[in-house]
Amino acid sequence: MSWNQEQIIAMAPDSASVKAAQKLTNTSKWPLLEFNDDAIWGHCQGSGSKPYMSRIDLSGPAFKCSCPSRKFPCKHGLALFLLYAQQQNGFTRQQDAPDWVAEWLDSRADREQKKVERAQNKKPVDAAAQEKRKGQREQKVSRGVEELTLWAEDVARTGLADLQNKNYQYWKNLESRMVDAQAPGLANHVRQMASLAITGDRMSELAASLSRLYLLLNAYGRMEQLADDLQADIRTQIGWPWSQDELLATQPVKDVWLALSHSQTQEERLVMQVIHLVGLESGRMAKVVNFAHETQRASLVMGWRGGQLIRGDAHFYPSGSPLRAIFADAATLSPEHIGDTHTTPAGISLDAMFNQYEQLLARNPWVGPYPFIVDAVVPWRQDDAFWLVDADGKAVPLAERAGDLWKLLAVSGGHPVRVVGEWCGDRFNPLGVWAEHQYFDVTSRQALAA
């Protein structure tokens, strides 16, 4: 597989590493630059007498360097990969890798082989034991739901104002108890409420969050009386996982998908990747969410940036408002490879967006932000606030913490445009905009032709 600069930069642990690596993308700093079909390796001259020995396994890619950096990949590995993508003619092809590279490649191959052997020798699933574990988890979750229900009722009696006086440890203890109850979804609800309470100026949002949580806790107690899709949403909100086999067993939506945005955020050492897409034939919205340890960024999806086309099968998580999905048999495409397929999907009016979101809420009260493509709206700035305004003068506020809102204004030039973004019920978080046959991802600094 060939790698471009954008894909390589996406592997960086932070922006500082990218800047540091770019300073090293000069062949004069590398007295040795070599490669073969399996790996890239090189010596980077630092401040010491001995150069740093950096190597990359192209099957991963995977990185290793002799420098003391705790970042992964380090600036030397990133620089080596960027150099290879930019100036491959500056590398010398070798039939065999030197010992310091070959030994590392062999050790990686041995580990992979052992993984395969463990998988092949894996004992068959003990159905009885599996059912027992499931029952034990149900009991833990039920106890967690009961505890959180009592907590929510106490808060309702004493009032929300008291929560502003609670310190970080109070919320952390409550969150930890939900984790111990094997209900990570409930722990996430607690974490979100903590951020609202601690700021102290978003009490209306805190009240709404508490209401949704209490509705969820009560719904969990009578799931068997509810429709299958709603049961699935409740389990997802509680934190029950869906296995990949379960998802791949669902009926796929086959389409050519336009990637709308690609973002990565990091909390402690866990990286979360979010990609929004729209099916050009089906009109379906899809959201891909992946997680990886910071040392395993290369395992995330690369190349699906705003404006990129992907042909693939989307398997949606069971839900009354299906959005999150995993993809099978996916391949990136160029516009010239897909014939007459249009890369500008149809949009809807603001009124239609409001109506469709109400319908989603009726099917799934915890739907949260949901993406829509709205047509013929003008991005507008008044004082310090940004808005989308339609021809009838109807306006929706844009999220304060959204991406590059100035780019949205610049692209529109004061004219009506087609905008895609997440409607949160009270504000719109823009992801991208179409103008003059181009799609601009406003969550990043790059625009790609549509």
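Residue numbers start at 1 and run along the sequence shown. Treat the numbers as computed from the prediction; the structure is a model and nothing was measured.
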Side chain to side chain, [X] and [Y], heavy atoms closer than 4.5 Å:
X	Y	value
M285	V420	yes
Y317	L323	no
V278	D255	no

Please check if the side chain of [X] supplies one atom and the backbone of [Y] the other of a donor-acceptor pair under 3.5 Å.
X	Y	value
N167	Q169	yes
R311	L309	no
D233	G320	yes
Q308	R305	no
Q237	W240	no
S66	M53	yes
H315	T250	yes
W366	R212	yes
R177	L148	no
D392	K394	no

How about Q87: does its CD atom have over 12 heavy atoms from other parts shown lying under 6.0 Å from it? yes
Classify the ring geometry between F327 and W304 as parallel (under 30°), tilted (30 to 60°) or perpendicular (over 60°). perpendicular
Which class fits the ring pair Y52 and H76: parallel under 30°, tilted 30 to 60°, perpendicular over 60°? tilted
Using every non-hydrogen atom in the two residues, find where [X] and [Y] come nearest and quote the distance to one decimal.
X	Y	result
P73	F63	CB-CG, 3.6 Å
G279	W257	N-CE3, 3.2 Å
A259	Y439	O-CE2, 4.1 Å

When rounded to the nearest 0.5 Å, the distance separating CG of L213 from CD of Q192 is 10.0 Å
Please report whether the ring centroid of F316 lies less than 6.0 Å from that of W242. no
For this output row, return yes or no: ring centroids of F91 and Y84 closer than 6.0 angstrom. yes
